[in-house]
Amino acid sequence: MLRSFASYLGTTLVAALLLLQGCGTGEVLPLTLGVQRAFPGLTFTRPVAMLQAPNDDSRWFVVEQDGFVRVFASDPLASAFDTFIVIDGSVASGGEMGLLGMAFHPDFPANPRVYLSYTHEPSGSTSRVSRISEFMLGMDGRLDASSEQVLLTIRQPETNHNGGQIAFGPDGFLYIGMGDGGGANDQHPPIGNGQSMTTLLGKMLRIDVNLASGYLIPPTNRFSLNPQCGANGTGTLNCPEIYASGFRNPWRWSFDRQTGALWVGDVGQGMLEEIDRVSLGGNYGWRCFEGTLNTGLACGTEPSLLPPVAEYGRSLGTSVTGGYVYRGTAIPGLVGRYVFGDFTSGRIWHFSTETQPTAQITGGFASGLSISSFGEGVDGELYVVHYHATNGALYRLTGS
């Protein structure tokens with residue numbers, strides 16, 4: 001019998017525009033959040049991510065869904081960008097597909113490798129795959145598209161729930177977020193992809209790319225002794241790339257730069273959006289649970305399912321976008337609080353990283369943006385990516 005979430009339910013959290021709840025004390029501190037246009041001279045086509053290279057605050061990189069990565073000077077008056085790489089010919093884009101993630105090797109540029117995550121439609125096929133590929137920095141300072149080495153290929157049964165973000169963790173390994181393969185209610189027999197350990201779908205993955213070619217399995221991964229599943233995303237044995245399981249569509253996630261904790265925004269089915277604090281070997285419930293709601297769907301017999309730290313209902317939004325724990329200096333009252341938003345409603349919330357499961361989110365700041373992603377600068381300040389087909393833009397998170 002599946003373990004109930006009832007014993008985990010905690011104190012209701014109110015994350016409102018003007019109130020910041022003090023952890024454990026009931027103390028209320030004044031804080032007003034806002035967003036301000038950053039780099040107003042620049043617009044983007046379907047931007048889905050922004051990031052800086054390790055220890056380099058001189059430039060920003062913006063990932064566009066159609067297969068372009070743009071780069072520009074970290075200058076408020078910037079009015080033009082360069083193109084860091086173009087792979088639009090390899091990218092199957094549209095809806096939830098496209099170029100979805102990018103990660104610099106932690107030792108970049110001394111180690112000139114950069115990783116991209118995108119959906120691809122093989123020649124002569126109507127089915128799609130997710131690819132995680134490595135590219136090398138060229139002599140011209142751009143990524144060399146011809147240097148691509150495909151590390152993982154994961155078959156996608158549908159066009160949605162691709163996840164797609166990638167990032168290096170504090171342990172130096174590459175982490176990969178994969179959705180459940182799409183369709184409603186993870187209807188992939190017999191127990192759904194989120195709970196099946198022989199597929200990479202519906203998982204957070206972790207691999208070691210610190211070798212000349214291919215990848216290794218970190219020895220502490222749950223199924224580390226089994227054969228790799230990265231050739232097509234499935235295996236006859238439990239996949240050793242799995243770091244954690246039970247996700248529907250992890251859309252944007254991050255590591256707390258101070259503690260190393262992994263925070264994931266997982267998009268819900270039709271009732272609840274959730275935020276998970278993810279640890280090695282954890283199972284976060286989908287499709288047994290949507291947030292703390294028991295779905296009643298067949299989902300196997302995993303003995304210990306972990307609840308979300310926070311959740312909210314469809315009156316507040318319909319597609320969570322995970323964010324970051326704030327570690328900047330411009331908004332002192334926000335330090336140590338997890339900031340996240342919703343793509344469709346544009347609301348932005350924050351809560352203490354000490355919050356215990358499961359907080360019920362209310363209120364929020366209505367930004368008016370289509371929040372496809374958050375970005376964290378080398379200085380710890382946070383930005384918001386506004387998704388638009390022709391006038392995508394970047395905003396800085398502000399507070400007083």
Side-chain angles (χ1 to χ4, degrees), residues 13-21 29-51 60 62-65 76 96 165 249-254 263-268 272-275 310-352 359-377 379-400:
L13 170 73
V14 179
L17 170 60
L18 298 176
L19 297 179
L20 187 78
Q21 181 70 40
L29 305 175
L31 176 66
T32 302
L33 289 183
V35 292
Q36 182 181 51
R37 181 74 182 269
F39 313 109
L42 300 173
T43 57
F44 300 91
T45 300
R46 300 182 183 90
V48 294
M50 66 179 295
L51 66 161
W60 280 98
V62 171
V63 177
E64 294 182 335
Q65 185 180 6
E96 297 179 21
Q165 184 180 343
N249 193 30
W251 183 250
R252 299 315 182 215
W253 44 269
S254 65
W263 293 86
V264 174
D266 194 19
V267 180
L272 295 170
E273 305 295 305
E274 69 180 78
I275 299 293
E311 65 183 12
Y312 62 92
R314 288 305 172 92
S315 64
L316 296 176
T318 62
S319 183
V320 66
T321 298
Y324 289 84
V325 176
Y326 181 74
R327 297 296 181 186
T329 59
I331 315 174
L334 198 61
V335 173
R337 302 184 72 84
Y338 180 72
V339 178
F340 66 104
D342 188 276
F343 175 76
T344 51
S345 72
R347 291 184 176 274
I348 296 174
W349 300 272
H350 54 86
F351 60 78
S352 168
Q360 306 300 309
I361 300 297
T362 62
F365 161 53
S367 71
L369 305 177
S370 297
I371 304 172
S372 61
S373 188
F374 289 82
E376 182 184 41
D379 60 3
E381 299 306 324
L382 297 187
Y383 295 77
V384 184
V385 179
H386 171 57
Y387 182 91
H388 192 275
T390 56
N391 291 303
L394 309 175
Y395 288 78
R396 177 190 293 271
L397 187 69
T398 64
S400 61

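Only this structure's heavy atoms are used, side chains among them; waters, hydrogens and symmetry mates stay out.
- Under the 4.5 Å side-chain criterion, counting only non-hydrogen atoms from C-beta, His350 is in contact with Leu31.
- No hydrogens or angles considered: nothing links the side chains of Glu376 and Tyr326 as a donor-acceptor pair under 3.5 Å.
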Sequence neighbours excluded and cut-off under 3.5 Å, please list the side-chain donor-acceptor pairs for residues 34-43, or say none.
from	atom 1	to	atom 2	distance (Å)
Arg37	NH2	Leu42	O	2.9

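- Under the 3.5 Å distance criterion, the side-chain polar atoms of Arg46 are left unmatched by any main-chain donor or acceptor of His388.
- At least one donor-acceptor pair under 3.5 Å links the side chain of Thr344 to the backbone N or O of Thr318.
- Note that the OG atom of Ser345 and the CD1 atom of Ile371 stand 7.0 Å from one another [nearest 0.5 Å].
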(request) Apply side-chain contact (heavy atoms from CB on, under 4.5 Å) to Phe374 and Thr321, showing your working. (result) CA-CA 8 Å; Phe374 289 82; Thr321 298; 4.2 Å; yes

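- The salt bridge (charged side-chain N to carboxylate O under 4.0 Å, His left out) contacts involving residues 315-332 comprise Asp256-Arg327, where partners must be two or more places apart or lie in separate chains.
- Evaluation of the ring-ring contact (aromatic ring centres under 6.0 Å, His included) rule for Tyr338 yields Trp263, Phe340, Phe351 as partners, not counting sequence neighbours.
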(message) With side-chain contact (heavy atoms from CB on, under 4.5 Å) as the criterion, how do Glu381 and Arg396 come out once you've worked through the C-alpha distance, each side chain's angles and the decisive distance to 0.1 Å?
(response) CA-CA 8 Å; Glu381 299 306 324; Arg396 177 190 293 271; 4.0 Å; yes

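- Side chain to side chain, Tyr387 and Gln65 meet the donor-acceptor criterion of an N or O pair below 3.5 Å.
- Closest heavy-atom contact between Pro250 and Trp253: O-CD1, 4.1 Å.
- The minimum heavy-atom distance linking Trp251 with Val267 is given by the pair CB-CG2, 3.8 Å.
- Residues Asp379 and Thr329 fail the side-chain proximity criterion, which asks for heavy atoms closer than 4.5 Å.
- Taking the side chain as every heavy atom from C-beta outward, Val320 and Phe343 never approach each other to under 4.5 Å.
- Not a single donor-acceptor pair under 3.5 Å links the side chain of Glu273 to the backbone N or O of Asp342.
- At distances below 3.5 Å, not a single donor-acceptor pair connects side-chain atoms of Ser367 with backbone N or O atoms of Arg347.
- Two residues are said to be in side-chain contact when any heavy atoms from C-beta on lie closer than 4.5 Å; Thr32 and Thr398 fail this criterion.
- The minimum heavy-atom distance linking Asn391 with His386 is given by the pair O-CD2, 4.0 Å.
- Scanning both residues, Leu394 and Val62, for their nearest heavy atoms gives CD1-CG2, 3.9 Å.
- Contact record, Val48 with Arg252: O-NH2, 2.7 Å, taken as the closest heavy-atom pair.
- A donor-acceptor pair under 3.5 Å links the side-chain atoms of Ser372 to the main chain of Pro47, judged by distance alone.
- Exactly one of Leu369, Val339, Leu382 qualifies for a side-chain contact (heavy atoms from CB on, under 4.5 Å) with Ile348. That residue is Val339.
- Residues Ile275 and Glu311 have side chains not in contact (no heavy-atom distance under 4.5 Å, counting atoms from C-beta outward).
- Across every non-hydrogen atom of Glu96 and Asn249, the tightest pair is OE1-ND2, 3.9 Å.
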